[in-house]
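Read the structure below first, then the notes.
All heavy atoms count here, side chains included; hydrogens, waters and symmetry mates do not. All of these numbers come straight from a predicted model, not from anything done at the bench.
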Amino acid sequence: IKAQKLQKSYGSLTVLSDVSFSLGQGQKAALVGHNGTGKTTLLKIVAGLESQDAGKIDIASDACIGYLPQDTSLSGNESIVDYLRQVSGIDMLEKEIESLSAELGDPQKVRRYGDVHSKYEHLGGYSFTHKAEVILSGFGLEDVGLDRPLSNLSSGQKSKVTLAGILLKGVDLLLLDEPTNNLDLPALIWLEDFLKKSEASCIIVSHDRRFLDKVVRKIFELDWHTRTLTVTGGAYSDYLEMMAKRVAGQKAEYKLQQEEIERL
């Protein structure tokens, strides 16, 4: 993904101004900044849920994007497994395979069948139920049956099921807005391990310092005053140390300025 000179305003309020960054395959970045600096807005623009006023974003045309919002509100009486099959695309692929299998006398249908079947295998369609159970177990939902209706889940359980659905999609780019909010420690550790092993690129908004330290090696900082974005490398703790030195330097500079003003 490559973003160039993104701008976004709501009326007279400028949220993003001249925001540029790039993220390579498999790279994990933390998106940081004070509340109200536009972190969620930027994630929504990358996810294609909102449009920028200016600038452009280049994302590989075949890239699969998974976006986890802060507030997840699953509704309906469908079961967990039916929901996961739908959002992962497995259900649609199975229906298309079944439809195409009756028309394999057509060369075009044969090629399409091969493409769909390949994607189905890539998503682990033949072992989908097992994969779903492994991920839900990682989130501490091993005692919640796959046939449990979504309407019978707590808000925390719904967040975990939503995240499981995103991870089962085989995404190339993960956009996670406060994914740690509804996760207990075992689930958090499992997610850390999953993301570290995943080949997907990630942009993560989180206030959990330990989680970011374990997962990211790139920092995207949105500035409250300039509404621009600064990119730094390293772990989150390295970024915090750099920020502490910057603030200490600014305080020392301010003190010298005040002393000079007093002298004059």
Check whether any side-chain N or O of Glu121 sits under 3.5 Å from a backbone N or O of Ser118 as a donor-acceptor pair, and report yes or no.
no

What distance separates Lys5 NZ from Asp18 CG, expressed to the nearest 0.5 Å?
4.5 Å

Decide side-chain hydrogen bond (donor to acceptor under 3.5 Å, both in side chains) for Ser151 and Asn77; before the verdict, give the C-alpha distance in whole Å, the side-chain angles of both, and the deciding distance to 0.1 Å.
CA-CA 6 Å; Ser151 56; Asn77 289 315; 2.8 Å; yes

When rounded to the nearest 0.5 Å, the distance separating CG of Leu16 from NZ of Lys8 is 9.0 Å

For Ser79 and Asp147: C-alpha separation, side-chain torsions, deciding distance, then whether side-chain hydrogen bond (donor to acceptor under 3.5 Å, both in side chains) applies.
CA-CA 5 Å; Ser79 66; Asp147 57 349; over 6 Å; no

His117 vs Tyr120 aromatic rings, parallel, tilted or perpendicular, using cut-offs 30° and 60°?
tilted

Side chains of Glu142 and Leu136, heavy atoms from C-beta outward: is any pair under 4.5 Å?
no

Find out if a path of hydrophobic residues (ILVMFWY) with successive side-chain heavy-atom gaps under 4.5 Å connects Ile166 to Leu23.
no

Here the gap from His34 atom NE2 to Leu222 atom CG, rounded to the nearest 0.5 Å, amounts to 11.0 Å

So among His207, Lys39, Gln70, which one has a side chain to side chain donor-acceptor pair (under 3.5 Å) with Glu178?
His207

Which atoms form the tightest heavy-atom contact between Thr226 and Asp223, and what is the distance?
N-OD1, 2.8 Å

Hydrophobic cluster identity match, Leu141 and Ile80, side-chain contacts under 4.5 Å:
yes

Measuring from atom CG of Leu31 to atom CD1 of Ile219, what distance do you get when rounded to the nearest 0.5 angstrom?
10.0 Å

Answer whether the closest heavy-atom distance between the side chains of Arg85 and Met92 falls below 4.5 Å.
no

Minimum heavy-atom distance Gln4-Asp58, with the two atoms named:
OE1-OD2, 4.2 Å

Between the main-chain N or O of Ala235 and the side-chain N or O of Asp238, is there a donor-acceptor pair closer than 3.5 Å?
yes

Using a strict cut-off of less than 4.0 Å between a Lys/Arg side-chain nitrogen and an Asp/Glu carboxylate oxygen, indicate whether Asp91 and Lys95 qualify as a salt bridge.
yes

Between Glu260 and Arg263, does a salt bridge (Lys or Arg N to Asp or Glu O under 4.0 Å) hold up when you go through it step by step?
CA-CA 5 Å; Glu260 180 66 6; Arg263 187 187 68 79; 2.7 Å; yes

Check for a donor-acceptor pair, side chain of Lys28 on one end and backbone N or O of Leu195 on the other, with a separation under 3.5 Å.
yes

For side chain to side chain contact (heavy atoms under 4.5 Å, CB included), just list the numbers for Arg148 and Leu153, CA-CA rounded to whole Å, side-chain angles, deciding distance to a tenth of an Å, and then say yes or no.
CA-CA 8 Å; Arg148 176 82 67 88; Leu153 301 177; 3.8 Å; yes

Do Ile204 and Met243 share a hydrophobic cluster, counting only Ile, Leu, Val, Met, Phe, Trp and Tyr and linking them when any side-chain heavy atoms are less than 4.5 Å apart?
yes

By the definition side chain to side chain contact (heavy atoms under 4.5 Å, CB included), identify the one residue from Leu43, Thr41, Leu49 that meets it with Ile45.
Thr41

Flag the pair Asp193 and Lys197 as a salt bridge only when some basic side-chain nitrogen lies within less than 4.0 angstrom of an acidic carboxylate oxygen.
yes

In the structure I gave you, are the side-chain heavy atoms of Val161 and Phe139 within less than 4.5 Å of one another anywhere?
no

Measure from the side-chain N and O atoms of Ser9 to the backbone N and O of Gly11, and report whether any donor-acceptor pair falls under 3.5 Å.
no

Interatomic distance, Asp172 atom CG to Cys64 atom SG [nearest 0.5 angstrom]:
6.0 Å

Charged N-O contact under 4.0 Å between Lys245 and Glu241
yes

Examine Tyr236 together with Phe211 and report whether their ring centres are nearer than 6.0 Å.
no

Backbone N/O of Ala200 and side chain of Ser198: donor-acceptor pair under 3.5 Å:
yes

Is it true that Leu212 and Leu163 fall in one hydrophobic cluster, defined by side-chain heavy atoms closer than 4.5 Å?
yes

Given side chains that start at C-beta, do those of Leu175 and Val205 come closer than 4.5 Å, heavy atoms only?
no

So Phe21 and Phe220, would you call those rings parallel, tilted or perpendicular, with 30° and 60° as cut-offs?
tilted

Is it the case that the side chains of Asp177 and Thr40 hold a donor-acceptor pair, with the cut-off being a distance below 3.5 Å and no angle test?
yes

So how far is it from Ser99 OG to Glu94 CD, rounded to the nearest 0.5 Å?
13.5 Å

Check for me, please, whether Tyr67 and Leu168 land in the same ILVMFWY cluster - side-chain distances under 4.5 Å, paths through other members count.
no

Distance only, no hydrogens: is a donor on one side chain within 3.5 Å (strictly under) of an acceptor on the other, for Asp213 and Ser237?
yes

Are the side chain of Ser201 and the backbone of Gly24 linked by a donor-acceptor contact shorter than 3.5 Å?
yes

Any non-hydrogen side-chain atom of Leu183 less than 4.5 Å from a side-chain atom of Lys160?
yes

